[in-house]
Each structure stands twice: as C-alpha cells, then as structure tokens.
Amino acid sequence: MEKKVYSTSGKELRTITLDDKVFGLPVNDDVIYYAITNELANMRVGTACTKGRAEVHGSNAKPYKQKGTGNARRGDKKSPIMVGGGTIFGPKPRDFSYSMPKKAKQLAIKSILSMQAQSDRFTVVEDFTVESGKTKDLAQILNNFAKDERTVIVLKDDDAKIKQAGRNLPFVSFLSFNRLRAHDLFYARKVVILESAVKNLSDFYAEDKEAK
C-alpha cells in the first residue's frame with residue numbers, strides 16, 4: 001500500500017510504501033474489542049467502597065422489644081433495610097486489571113492501523129518537531145490536517161518538545177510508535193503519523209520479531 005507524504009505546510013512531497021504486514025491486514029473486530037476492553041479495565045482505579053452492617057456506626061442493641069409493639073421485629077439500627085444502615089453486596093476496593101496475550105494485543109494494534117490506513121483519516125507527515133514548545137506553533141501545523149477533531153500523533157520517539165506544545169490542545173494525544181494504545185487509535189478521527197514512525201512500526205511489529 002502506498003500513501004502520500006505531506007510537509008508540515010500540507011504540501012505533497014512524495015509517496016511511501018506501507019508494510020502490508022502492519023498496515024494491510026484484514027480488520028479483526030473481535031481482537032480489537034478485547035484490546036480496548038483490556039485497556040479500559042486496566043485504567044480503573046477500583047477504589048469504590050461501601051460499608052456493610054458490621055462497619056457502619058451504630059449500636060448493636062435491639063431498638064425495641066421483639067413482641068407487643070405492633071412494629072416489625074428489628075435486630076439493630078445497622079440493618080440494611082434501615083436508613084443509615086449497611087449496604088448489602090456493595091462494592092469493595094479491588095483490582096480490575098488483567099493481562100492480555102502479547103500476540104493478541106499486537107494483532108489488535110495492527111488491525112486498527114490497517115483500518116485507519118485504508119481510510120482518509122490516516123495522514124503521513126514528514127518528520128518535524130516544535131523547538132519552541134509553543135502551542136500555537138503546533139496548532140498551525142495541525143490546522144493543515146485536522147480541524148479541532150480528536151487527533152492522534154504517532155511519534156518516532158519520545159519527543160518532549162512536541163508533547164509540551166500539545167498539552168493545551170484537548171483534542172490531541174501523542175503516542176510513541178512502541179507504546180500505542182488501541183483505544184486512542186480506534187476512536188481517533190485523524191491519525192497523523194511521522195514518516196520515520198512508519199518505518200519504526202514496520203520493524204517493531206515485524207513477524208520475525210514476534211516469533212522470537
């Protein structure tokens with residue numbers, strides 16, 4: 001598959017050949033679903049907590065005698081059916097995270113990359129950085145490719161300057177080629193990938209590397 005490479009000003013420069021083993025695979029909806037679900041589960045804090053009847057504040061004394069009052073029999077004020085009582089089967093702090101097979105995760109990423117590459121949401125741009133670290137300089141570049149849309153920029157390395165410039169752009173997220181997130185890639189309306197990142201992805205997700 002061939003894609004056009006654009007300059008930061010939006011002009012067409014040349015074409016680049018995308019590796020079909022990374023950008024030309026059939027889309028596997030099932031593995032994409034599992035990868036996104038796994039990422040969301042791993043992000044959960046799991047600190048929700050409720051108090052049971054043994055934990056709420058209150059007396060253990062019987063509020064009134066068992067018989068003769070005309071009221072329903074009542075054990076104590078901490079009963080779950082009383083206002084201010086304990087909670088039945090309420091949430092407790094827990095770890096929601098779990099691991100996913102490495103090959104399945106890689107297949108999900110490659111499926112999403114293939115899906116995006118086969119659409120008009122995928123743009124290859126020449127390598128650039130924002131030396132000034134200013135938001136307006138990055139926004140000026142992105143205006144040539146995305147208009148206030150959810151945008152993912154795939155970097156060739158961990159570029160601190162370009163990330164600094166994008167901190168004030170709420171619709172922009174940055175991913176390094178070796179730390180991609182399925183959720184961000186799948187829901188991106190625009191994927192801007194640097195030219196060197198395309199080559200790095202081809203090497204990183206090569207089949208011979210997976211087999212090692």
Side-chain angles (χ1 to χ4, degrees), residues 1-43 98-129 138 141-159 162-163 166 171-212:
M1 180 189 302
E2 290 190 347
K3 279 285 186 179
K4 297 177 181 178
V5 180
Y6 294 90
S7 67
T8 54
S9 59
K11 295 181 180 179
E12 182 180 335
L13 296 178
R14 52 189 169 272
T15 59
I16 187 173
T17 302
L18 303 182
D19 189 350
D20 288 337
K21 295 179 181 179
V22 178
F23 299 96
L25 296 177
V27 179
N28 190 322
D29 294 330
D30 291 339
V31 77
I32 291 175
Y33 168 80
Y34 290 128
I36 294 177
T37 303
N38 172 244
E39 289 181 354
L40 294 178
N42 293 346
M43 290 171 60
Y98 62 94
S99 60
M100 183 176 176
K102 181 179 178 181
K103 288 188 177 181
K105 180 72 172 180
Q106 290 181 340
L107 178 60
I109 296 295
K110 290 189 287 187
S111 291
I112 298 173
L113 288 173
S114 299
M115 179 188 69
Q116 296 287 20
Q118 295 165 18
S119 68
D120 58 355
R121 299 190 295 268
F122 189 91
T123 306
V124 182
V125 182
E126 65 175 346
D127 294 347
F128 71 92
T129 187
L138 178 60
I141 295 173
L142 290 181
N143 282 337
N144 298 314
F145 309 105
K147 302 290 186 181
D148 295 341
E149 299 174 284
R150 181 183 287 188
T151 305
V152 169
I153 301 178
V154 182
L155 305 174
K156 58 185 176 66
D157 52 26
D158 193 14
D159 191 333
I162 194 171
K163 289 183 177 180
F171 56 90
V172 177
S173 59
F174 300 93
L175 300 177
S176 298
F177 76 93
N178 57 345
R179 291 192 297 273
L180 298 180
R181 292 192 295 269
H183 181 273
D184 290 3
L185 280 175
F186 183 81
Y187 289 104
R189 304 304 301 168
K190 292 290 183 182
V191 177
V192 177
I193 181 169
L194 301 189
E195 187 175 7
S196 293
V198 174
K199 300 176 183 177
N200 292 342
L201 280 170
S202 299
D203 296 335
F204 186 76
Y205 288 106
E207 287 185 355
D208 57 346
K209 182 174 181 178
E210 293 179 5
K212 293 181 181 180

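Just so it is clear, the values below take in all heavy atoms, side chains as well, and ignore hydrogens, waters and symmetry mates.
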[atom1]-[atom2] distance between [X] and [Y], expressed to the nearest 0.5 angstrom:
X	Y	atom1	atom2	answer
F171	E149	CZ	CD	9.0 Å
I153	S176	CD1	OG	11.5 Å
T123	Q116	OG1	CD	10.0 Å
L175	D158	CG	CG	11.0 Å
L113	D19	CG	CG	11.0 Å
L194	N200	CG	CG	9.5 Å

What are the two closest non-hydrogen atoms of [X] and [Y], and how far apart are they?
X	Y	result
F174	I162	CZ-O, 3.4 Å
A41	Y98	CB-CE2, 3.6 Å
F177	L180	O-CG, 3.6 Å
V5	E126	CG1-N, 3.9 Å

Taking the side chain as every heavy atom from C-beta outward, state whether [X] and [Y] have any pair of such atoms under 4.5 Å apart.
X	Y	value
V22	L18	no
T8	Y6	no
N178	Y205	no
V198	K156	no
N42	L40	no
V172	V152	no
E195	R14	yes
S114	Q118	yes

[X] atom [atom1], over 12 foreign heavy atoms within 6.0 Å:
X	atom1	value
Y34	OH	no
M1	CE	yes
F128	CZ	yes

Residues forming a salt bridge (charged side-chain N to carboxylate O under 4.0 Å, His left out) with K4, sequence neighbours excluded: E12
Contacts of K105 that satisfy salt bridge (charged side-chain N to carboxylate O under 4.0 Å, His left out) - sequence neighbours left out: E39
Throw together a table of side-chain donor-acceptor distances under 3.5 angstrom for residues 183-191, partners on residues two or more places apart or in other chains.
{"unit_1": "D184", "atom_1": "OD2", "unit_2": "R181", "atom_2": "NE", "d": "2.9"}
{"unit_1": "D184", "atom_1": "OD2", "unit_2": "R181", "atom_2": "NH2", "d": "2.6"}

Working for side-chain hydrogen bond (donor to acceptor under 3.5 Å, both in side chains), residues N28 and S111: CA-CA 6 Å; N28 190 322; S111 291; 5.5 Å; no
